[in-house]
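Reviewing the structure listed below.
Just follow the structure's listing: the first ligand is 1, and inside any ligand the first atom is 1.
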Amino acid sequence: MYFDEELKVPSAVQRIGHSLSGKQKAVIFAVASLAVGFFLYKSWSSWKQGNEEDSEFYSLQPSNSPRQKRILVVGLENTGKTTFVRRFCKRQNGSNSSEENSFGQYIKQHSVKVGDLSITMWDVCGAVENREIWHDVFRLEEVDFIIFCVDSSSQHTFVEARKELHRFLKIKVFKQTPLILLATKQDKSSAVDPYALYLSMNLENFQGSRPILTTGIQVSTFGQSKGFMELYNLLSTIDE
Ligand SMILES: Nc1nc2c(ncn2[C@@H]2O[C@H](COP(=O)(O)OP(=O)(O)OP(=O)(O)O)[C@@H](O)[C@H]2O)c(=O)[nH]1
Ligand SMILES: [Mg+2]
């Protein structure tokens, strides 16, 4: 391909431009406009869908006598724990949530009052070299729930996630602690649904001693979330 000296556009493209009639140009313009319009509509509707989901959860007002829930959030690295915890605990008015280091830089403590609950979440780093911390976290405080996050779109990590989850559930102090298996990144096209994820974790042997529940969430790049209301309902209905 060579370039026209003056216009710096490929001559082949230039020739096509010249050979099109006004009508053909109008058709191409209309098709391109429709494609752009469709793309904008799809982006807007997925943003709106996420936002609607959010609004139910974010409109919950804190009650005067909330029940305390202490929740440990663990899972392999890159599963979306920090994204989830920050978004869940950051209320729109921002006035009643907090984030601080707990046990050094690898565990972040978040607190929020939402609806009927006063929630403290510990977001524990998931990188391999830090996983031994998981086994020390019982020193934090008594916990009411374990939320174990699995990136539902990364099926190649399921075996490792299952191994770590089983290891974690065998820790003595957590032997009866209710578990919520959280299927994160549900927006991704390769994501499996929460029930399929639950089956792949082989949790039958752990079921006798504790409630085990599963649900899914997603948090978009723009911060819109889905599934938080259902998670809130699970947290508020189970009483240990
Ligand atoms: N598509 C999509 N991406 C997500 C979602 N949640 C988190 N992510 C992305 O996943 C990546 C990892 O998220 P983090 O929240 O840092 O993961 P983490 O589990 O805290 O990782 P560690 O702290 O290393 O254990 C980031 O690039 C996030 O933007 C989601 O619901 N959907
Ligand atoms: Mg993190």
- Is any heavy atom of the protein nearer than 4.0 Å to atom 4 (C) of ligand 1? yes
- Looking at atom 25 (O) of ligand 1, is any protein heavy atom nearer than 4.0 Å to it? yes
Closest protein heavy atom to [atom], given as residue, atom name and distance to 0.1 Å:
| atom | value |
| --- | --- |
| atom 21 (O) of ligand 1 | Asn78 N, 2.9 Å |
| atom 30 (C) of ligand 1 | Val219 O, 3.1 Å |
| atom 14 (P) of ligand 1 | Thr83 OG1, 3.6 Å |
| atom 23 (O) of ligand 1 | Thr82 OG1, 4.0 Å |

- Message: Tell me whether ligand 1 is touched by Thr184 - counting only heavy atoms on the residue side and a distance under 4.0 Å.
- Response: no
Can you confirm, on distance only, whether ligand 1 has an N/O atom lying under 3.5 Å from any N/O atom belonging to [X]?
| X | answer |
| --- | --- |
| Gly126 | yes |
| Thr79 | yes |
| Gly80 | yes |
| Cys125 | no |

Do the non-hydrogen side-chain atoms of [X] and [Y] ever get within less than 4.5 Å of each other?
| X | Y | answer |
| --- | --- | --- |
| Met121 | Val112 | no |
| Asp144 | Leu235 | no |
| Met201 | Phe206 | no |
| Thr79 | Lys185 | no |
| Leu72 | Phe174 | yes |

- Task: For the residue pair Phe57 and Phe228, categorise the inter-ring angle as parallel (less than 30°), tilted (30 to 60°) or perpendicular (more than 60°).
- Result: perpendicular
- Hey, is the main chain of Ser153 close enough, under 3.5 Å, to the side chain of Ser190 for a donor-acceptor pair? yes
- Message: Among Arg87, Lys81, Lys185, which one puts a heavy atom closest to atom 18 (P) of ligand 1?
- Response: Lys81
- ligand 1 versus Lys188, non-hydrogen atoms closer than 4.0 Å: side chain, backbone, both, neither? side chain
- Query: At a non-hydrogen distance cut-off of under 4.0 Å, which region of Asp187 contacts ligand 1 (side chain, backbone, both, or neither)?
  - Reply: side chain
- Query: For the Mg ion (ligand 2), does an N/O/S atom of Thr82 lie at less than 2.8 Å?
  - Reply: yes
- Item | Option passing side-chain contact (heavy atoms from CB on, under 4.5 Å) with Phe148 (candidates Thr214, Val73, Leu181) | Leu181
- Please check if any side-chain donor atom of Ser152 sits under 3.5 Å from a side-chain acceptor atom of Gln186, or the reverse. yes
- Flag the pair Glu164 and Arg167 as a salt bridge only when some basic side-chain nitrogen lies within less than 4.0 angstrom of an acidic carboxylate oxygen. yes
